[in-house]
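First the structure, in the form of structure tokens, and then the observations on it.
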Amino acid sequence: MTQVLAVVSEIFPLIKTGGLADVAGALPAALAAEGVAVRSLVPGYPSVLDALDGGVAVASLNDLFGGPARIVAAQAAGLDLFAIDAPHLYARDGNPYRGPDGRDWPDNAFRFAALSHVSLALGNGLVEGYRPDVLHAHDWQAGLAPALLHYAGLARPRSVMTIHNLAFQGQYPPGLLTYLGLPQEALAVRGVEYYGAIGYLKAGLQFADRITTVSPTYAAEIRTSAGGMGLDGLLRARADVLSGILNGIDTAVWDPASDPHLAATFDADRLSQRSPNKAALQERFGLRRDPERLLFGVISRMSGQKGIDLLPPVLPMLVASGGQFVALGSGDPDLEAALRSAANANPADVGVVVGYDEALAHLIQGGCDALLMPSHFEPCGLTQLCAMRYGALPVVAHVGGLCDTVIDANEMALDAGIGTGFHFAPVQSDMLLAALLRVFAVWRQPDVWRRLQRNAMATDVGWRRPARRYAALYQELAQAARD
Ligand code: ADP
Ligand code: GLC
């Protein structure tokens with residue numbers, strides 16, 4: 001069996017701020033079915049250590065960036081884990097990246113360098129009997145790992161760097177170089193240097209044997225100056241090892257036929273059973289209970305990436321056309337406030353819950369008719385995959401993974417009976433408005449709407465297909481490491 005060490009800063013259900021955790025949490029089980037054994041190395045945040053009842057310390061380190069650390073091996077939630085128990089770095093409540101004041105933890109450079117250093121040690125035989133073939137680093141938090149492997153001169157494990165979001169790159173002062181355990185020569189364009197700083201993601205992209213990102217379209221976008229966020233030159237130079245592998249979702253967690261968070265379970269043959277969910281949703285958001293109104297939903301981090309700014313200008317027309325709108329999310333206070341004031345202006349048809357609520361996210365998927373994702377950029381996106389599985393038609397910006405996962409119900413697609421949602425471009429309010437007019441036109445044809453719902457629900461959004469692609473990639477690298 002190919003042995004993979006996944007290095008990742010969040011993992012569902014132990015700790016989650018976004019889709020990265022969902023991917024890290026679901027991929028290992030799918031890979032097991034493909035002959036790949038994954039162990040995941042995660043920081044020992046309080047919620048992680050709490051879940052690791054029965055874990056055993058398999059190694060200890062005297063000084064991991066200013067304090068002692070234990071490496072705890074355990075199984076939890078079906079995952080094989082190594083957690084870094086280092087209280088001076090991770091024993092803090094709340095968000096893994098930011099303190100209660102909303103600012104990044106001041107020692108993030110060390111907190112995540114520690115993650116990479118421990119992965120190097122594990123790759124180099126720290127724990128007896130464990131030697132991974134491949135180290136899989138996820139996002140900037142694990143970006144130093146491929147660089148450390150390189151400078152340590154290790155041929156095994158080989159490394160994969162996956163970009164989940166190029167907007168987060170992890171840049172720190174060059175003066176930290178030695179303290180981070182990197183040689184002087186690393187502070188160079190062909191090293192970890194990035195515009196005068198130490199770039200963690202840059203380091204991973206420079207040295208990983210393979211680079212993946214989470215959709216083929218995003219893999220192309222990030223090689224352009226418009227989408228490359230400063231790293232497009234490097235990504236073009238490494239295009240021969242860069243590929244896009246779409247995400248899936250955990251179809252056991254997201255299953256409308258058995259979902260405990262729904263008012264009524266349903267499937268593609270019992271679509272009328274969606275109605276109690278719509279009613280429950282309207283009630284939860286204090287909207288008028290009207291099954292005829294086309295109910296749009298949003299579940300999102302409220303950040304610039306997600307295009308929440310496009311929504312307030314279209315809501316008056318959406319309501320005037322007989323629609324309703326509910327949103328769940330938190331993040332940027334200005335975006336939260338803009339949606340709140342839209343709800344205050346139209347309380348019977350627009351509702352907002354500011355916060356993070358896993359159960360409500362499920363009810364929205366099961367109760368809304370259409371799910372809006374007006375993202376300015378979207379590496380893959382998972383909420384549109386959940387929406388399809390729940391028969392909520394996604395209305396998406398034509399970017400990144402949204403292009404690759406949703407089939408626009410244009411005239412030809414409708415004729416061919418293959419649409420699963422609606423696209424709009426460019427990503428601006430008036431084009432979203434134009435898409436909404438198309439959505440309303442289809443809504444007025446219940447047979448066509450139902451057809452699209454069934455298409456969406458029949459789409460294979462699980463992890464089997466993507467897991468096969470990762471397995472092939474790992475096996476190729478493992479073979480190379482043995483040769
Ligand atoms: P990203 O990782 O960029 O935030 P994704 O679409 O990949 O976007 O993943 C988002 C994940 O987080 C999904 O599982 C979605 O349901 C969940 N999510 C986002 N915001 C909330 C929220 N406010 N409450 C509950 N779940 C949320
Ligand atoms: C990032 C991206 C999102 C992707 C997720 C998991 O958070 O913003 O598009 O689905 O990672 O790969």
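Note that this is a predicted model, so its numbers are computed, not measured. Counting starts at 1 for both ligands and their atoms, in listed order.
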Legend entry - Contact check, side chains of Pro46 and Asp93, non-hydrogen atoms, under 4.5 Å: yes
Inset, instruction - Give a yes or no answer on whether the side chain of Arg238 reaches the backbone of Gln206 with a donor-acceptor pair at less than 3.5 Å. - result: yes
Legend entry - With Tyr97, the side chain to side chain donor-acceptor pair (under 3.5 Å) member among Arg111, Glu10, Arg103: Glu10
Legend entry - Contacting atoms of ligand 2, where contact means under 4.0 angstrom from a heavy atom of Glu378: 2 (C), 3 (C), 8 (O), 9 (O)
Inset, instruction - Could you find the nearest protein heavy atom to atom 24 (N) of ligand 1 and give me its residue, atom name and distance? - result: Asp357 N, 3.0 Å
Inset, instruction - Could you find the nearest protein heavy atom to atom 2 (O) of ligand 1 and give me its residue, atom name and distance? - result: Gly19 N, 2.6 Å
Inset, instruction - Check Cys386 against ligand 1 and report side chain, backbone, both or neither, counting heavy atoms closer than 4.0 Å. - result: neither
Inset, instruction - For Lys16 and ligand 1, answer yes if some heavy atom of the residue is under 4.0 Å from a ligand atom, otherwise no. - result: yes
Legend entry - Element-labelled atoms of ligand 1 that are located less than 4.0 Å from some non-hydrogen atom of Gly329: 23 (N)
Legend entry - Any donor-acceptor N or O pair under 3.5 Å, side chains Asn277, Tyr390: no
Inset, instruction - Determine yes or no for a side-chain-to-main-chain donor-acceptor pair under 3.5 angstrom, with Arg92 supplying the side chain and Gly99 the backbone. - result: no
Inset, instruction - Quick one: look at Asn165 and ligand 2, take heavy-atom pairs under 4.0 Å, and tell me if it's side chain, backbone, both or neither. - result: side chain
Inset, instruction - Kindly confirm or rule out an N or O of Lys306 lying under 3.5 angstrom from an N or O of ligand 2. - result: no
Legend entry - N or O pair under 3.5 Å between Glu358 and ligand 1: no
Legend entry - Separation between NE2 of His362 and SG of Cys386, rounded to the nearest 0.5 Å: 7.0 Å
Legend entry - Protein heavy atom at shortest distance from atom 5 (P) of ligand 1: Leu382 N, 3.6 Å
Inset, instruction - Report, in ascending order of atom number, the atoms of ligand 1 lying under 4.0 Å from any heavy atom of Gly18. - result: 2 (O)
Legend entry - Residue part near ligand 2, for Asp22, under 4.0 Å between non-hydrogen atoms: neither
Legend entry - CA sep, side-chain torsions, deciding dist, call: Val214, Val23, side chain to side chain contact (heavy atoms under 4.5 Å, CB included): CA-CA 10 Å; Val214 288; Val23 172; 5.6 Å; no
Inset, instruction - Could you tell me whether Val23 and ligand 2 have an N or O pair separated by under 3.5 Å? - result: no
Inset, instruction - Could you tell me which atoms of ligand 2, counted from 1 in the order shown, lie closer than 4.0 angstrom to a heavy atom of Gln305? - result: 8 (O)
Inset, instruction - Report yes or no: do Thr162 and Thr212 form a side-chain donor-acceptor pair below 3.5 Å? - result: yes
Inset, instruction - Report, in ascending order of atom number, the atoms of ligand 1 lying under 4.0 Å from any heavy atom of Arg301. - result: 1 (P), 3 (O), 4 (O), 20 (N)
Inset, instruction - If you have a sec, work out which protein heavy atom is nearest atom 16 (O) of ligand 1 and how many Å separate them, to one decimal? - result: Thr383 CG2, 3.6 Å
Inset, instruction - Establish, from distance only, whether the side-chain atoms of Asp290 and Gln324 form a donor-acceptor pair under 3.5 Å. - result: no
Inset, instruction - Assess the side chains of Asn247 and His164: does a donor N or O sit below 3.5 Å from an acceptor N or O? - result: no
Legend entry - Nearest protein heavy atom with distance in Å, relative to atom 22 (C) of ligand 1: Tyr356 CD1, 3.4 Å
Inset, instruction - Would you indicate which of Ser303, Gly355, Ala359 comes nearest to atom 23 (N) of ligand 1 when only heavy atoms are counted? - result: Gly355
Legend entry - Side-chain touch Arg210/Arg158, heavy atoms, less than 4.5 angstrom: no
Legend entry - Considering all heavy atoms, the nearest Leu339-Ile308 contact: CD1-CG2, 3.8 Å
Inset, instruction - Could you tell me whether His398 atom NE2 has more than 12 heavy atoms of other residues or ligands within 6.0 Å of it? - result: no
Legend entry - Distance from atom 2 (C) of ligand 2 to nearest protein heavy atom, with residue and atom: His164 O, 3.2 Å
Inset, instruction - Please say whether Ser330 places an N or O atom under 3.5 Å from an N or O atom belonging to ligand 1. - result: no
Inset, instruction - Report the nearest protein non-hydrogen atom to atom 8 (O) of ligand 1: residue, atom name, distance rounded to 0.1 Å. - result: Lys306 NZ, 3.1 Å
Inset, instruction - Output yes when the distance from some N or O of ligand 2 to some N or O of Gly381 is under 3.5 Å, and no in every other case. - result: yes
Legend entry - Residue and atom name of the nearest protein heavy atom (relative to atom 13 (C) of ligand 1), distance in Å to one decimal: Asp22 OD2, 3.6 Å
Legend entry - Distance from atom 20 (N) of ligand 1 to nearest protein heavy atom, with residue and atom: Ser300 C, 3.6 Å
Legend entry - Test: Arg301 and Asp332 ion pair at under 4.0 Å: no
